[in-house]
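Below: one structure, written as structure tokens.
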Amino acid sequence: MKVILNKDLATLGEEGDVKEVAKGYARNYLFPRGIALPYTPRMIKIIEGRRAEIESRKEQKRLDARGIKEKLDSFELSLTMPAGANGKLYGAVTNQTIADELAKNGFQIERKRIELAGNGFKSVGKYKAIIKLYENQSAEISVNIIAAEIKTEAPAAKPAPRRGRRDERKEENPAKETQTAENAEEASAKETE
């Protein structure tokens, strides 16, 4: 089924593009969310009437992407993460971690646009992350992961193991045995008198 995109969709295309998609995808996802319009003569005329506006927005997005690309190419991100003595991180640095750090530095970039080698960085060191901007433009940033010092406390003394009912009974029984032994000695002493 042919549709005309009403909004940019990273996996499909840009506003104004005509794409071929599955009928269910169009009916259940694209049309209800206003992402696409049906490919009809009426909709073609509407989009053609907006073509100049769409092209100006695309050009503005290209200019913005170039500006962000220049800033990001010269940007180095340093992260301090908890790591073991061997340099292995206790948690991986993911694209979400990098998106959060970039947001702190004034770059609003979706985590989906950040590509990392593998599923993330899992040890201390220098890495490269690729950020897809607009169309085929992308930026590459340096990510420097530094190990955080972790203060380890001396292990505390182990608490005494909990006692169960059997242990309590065993403790009670020796006391009773000594009492009965004393009673027996008193009884034998009385008999001898």
Side-chain angles (χ1 to χ4, degrees), residues 1-79 81-83 88-145:
M1 168 179 216
K2 281 189 175 181
V3 296
I4 303 169
L5 293 179
N6 197 29
K7 297 179 182 174
D8 291 351
L9 188 63
T11 57
L12 200 55
E14 300 174 358
E15 182 180 9
D17 291 351
V18 176
K19 295 291 180 176
E20 186 75 30
V21 297
K23 289 180 183 179
Y25 181 54
R27 280 193 310 258
N28 297 325
Y29 183 75
L30 299 176
F31 295 156
R33 288 172 176 79
I35 297 171
L37 303 168
Y39 185 78
T40 62
R42 180 173 168 253
M43 290 299 164
I44 293 171
K45 287 180 184 176
I46 291 172
I47 292 294
E48 289 303 320
R50 293 176 34 203
R51 184 65 60 193
E53 179 187 331
I54 292 169
E55 288 302 322
S56 68
R57 275 199 297 258
K58 284 184 179 181
E59 188 58 37
Q60 184 61 40
K61 289 177 185 178
R62 286 184 195 106
L63 289 173
D64 292 345
R66 281 188 206 119
I68 292 172
K69 180 179 174 15
E70 290 172 3
K71 290 178 185 176
L72 286 174
D73 282 338
S74 62
F75 184 74
E76 183 173 323
L77 184 65
S78 291
L79 298 171
M81 302 291 290
K88 188 168 174 128
L89 299 177
Y90 288 127
V93 174
T94 62
N95 54 1
Q96 181 65 51
T97 310
I98 292 177
D100 292 343
E101 288 298 318
L102 287 172
K104 290 177 186 175
N105 290 298
F107 298 103
Q108 296 299 322
I109 297 173
E110 297 174 1
R111 68 177 176 83
K112 296 176 191 174
R113 296 186 175 271
I114 301 171
E115 289 184 359
L116 307 177
N119 290 336
F121 307 135
K122 298 179 181 179
S123 60
V124 174
K126 286 193 173 209
Y127 299 95
K128 298 283 185 188
I130 297 171
I131 300 171
K132 292 184 177 180
L133 298 170
Y134 186 72
E135 291 179 334
N136 59 357
Q137 294 183 28
S138 61
E140 186 174 276
I141 62 169
S142 298
V143 180
N144 187 17
I145 302 173

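Computed over heavy atoms, backbone and side chain alike; hydrogens, waters and symmetry mates excluded.
- Closest non-hydrogen pair, Thr97 versus Ala92, comes out as OG1-O, 4.3 Å.
- Met1 and Glu20 make their closest contact through N-OE2, 2.6 Å (heavy atoms, listed as atom of the first residue, atom of the second, distance).
- Here Arg51 pairs with Glu48 in a salt bridge; the nearest charged N to carboxylate O distance falls below 4.0 Å.
- We find the CZ-CD1 distance between Phe75 and Ile131 to be 9.0 Å, quoted to the nearest 0.5 Å.
- Every residue two or more places apart in sequence or in another chain that forms a side chain to side chain contact (heavy atoms under 4.5 Å, CB included) with Ile145 is listed here: Met81, Leu89, Val93, Phe121, Tyr127, Val143.
- The shortest heavy-atom contact between Ile47 and Gly16 is CG2-CA, 4.3 Å.
- Here the straight-line distance linking atom CG of Leu72 with atom OG of Ser142 works out to 11.0 Å at 0.5 Å rounding.
- Counting non-hydrogen atoms of neighbouring residues, nucleotides and ligands closer than 6.0 angstrom, the CZ atom of Arg42 reaches no more than 12 such neighbours.
- If you take CG on Leu37 and NZ on Lys7, they are separated by 10.0 Å, rounding to the nearest 0.5 Å.
- For Glu101, the side chain to side chain contact (heavy atoms under 4.5 Å, CB included) criterion is met by Leu77, Leu79, Lys104, not counting sequence neighbours.
- Considering all non-hydrogen atoms of both residues, Ile98 and Ala129 come closest at CD1-CB, 4.3 Å.
- Between the side chain of Asn95 and the main chain of Arg111, a donor-acceptor pair closer than 3.5 Å is present.
- With Glu140 contributing its side chain and Ile130 its backbone, the two residues share no donor-acceptor pair below 3.5 Å.
- Taking a cutoff of 4.0 Å between a charged side-chain nitrogen and a carboxylate oxygen, Glu70 and Arg66 do not qualify as a salt bridge.
- To the nearest 0.5 Å, atoms CZ (Arg62) and NZ (Lys58) are separated by 6.5 Å.
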Side chain to side chain contact (heavy atoms under 4.5 Å, CB included) evaluation trace for Ile114 with Ile141 = CA-CA 10 Å; Ile114 301 171; Ile141 62 169; over 6 Å; no
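- Between Pro32 and Ala26, the shortest heavy-atom distance links the atoms CD-O, 3.9 Å.
- The nearest pair of heavy atoms linking Tyr39 to Lys2 is CB-O, 3.2 Å.
- Atom CG of Leu9 and atom CZ of Arg33 lie 10.5 Å apart (nearest 0.5 Å).
- The main-chain N or O of Ser138 is found under 3.5 Å from a side-chain atom of Lys69 such that the two form a donor-acceptor pair.
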Can Leu12 and Ile35 be said to form a side chain to side chain contact (heavy atoms under 4.5 Å, CB included), step by step?
-> CA-CA 10 Å; Leu12 200 55; Ile35 297 171; 5.9 Å; no
Let me see the working for Ile4 and Ile46 under side chain to side chain contact (heavy atoms under 4.5 Å, CB included), right down to the final yes or no.
-> CA-CA 11 Å; Ile4 303 169; Ile46 291 172; over 6 Å; no
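- Under the 3.5 Å distance criterion, the side-chain polar atoms of Asp8 are matched with a main-chain donor or acceptor of Glu15.
- Between Lys61 and Glu14, no side-chain nitrogen of the basic residue sits less than 4.0 Å from a carboxylate oxygen of the acidic one, so the salt-bridge criterion is not met.
- Here the CG atom belonging to Leu30 is positioned 12.0 Å from the NZ atom belonging to Lys19, to the nearest 0.5 angstrom.
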Output, in order, the C-alpha distance, side-chain angles, deciding distance and verdict of side chain to side chain contact (heavy atoms under 4.5 Å, CB included) for Asn6 and Met43.
-> CA-CA 10 Å; Asn6 197 29; Met43 290 299 164; over 6 Å; no
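- Under the 4.5 Å side-chain criterion, counting only non-hydrogen atoms from C-beta, Ile68 is not in contact with Lys71.
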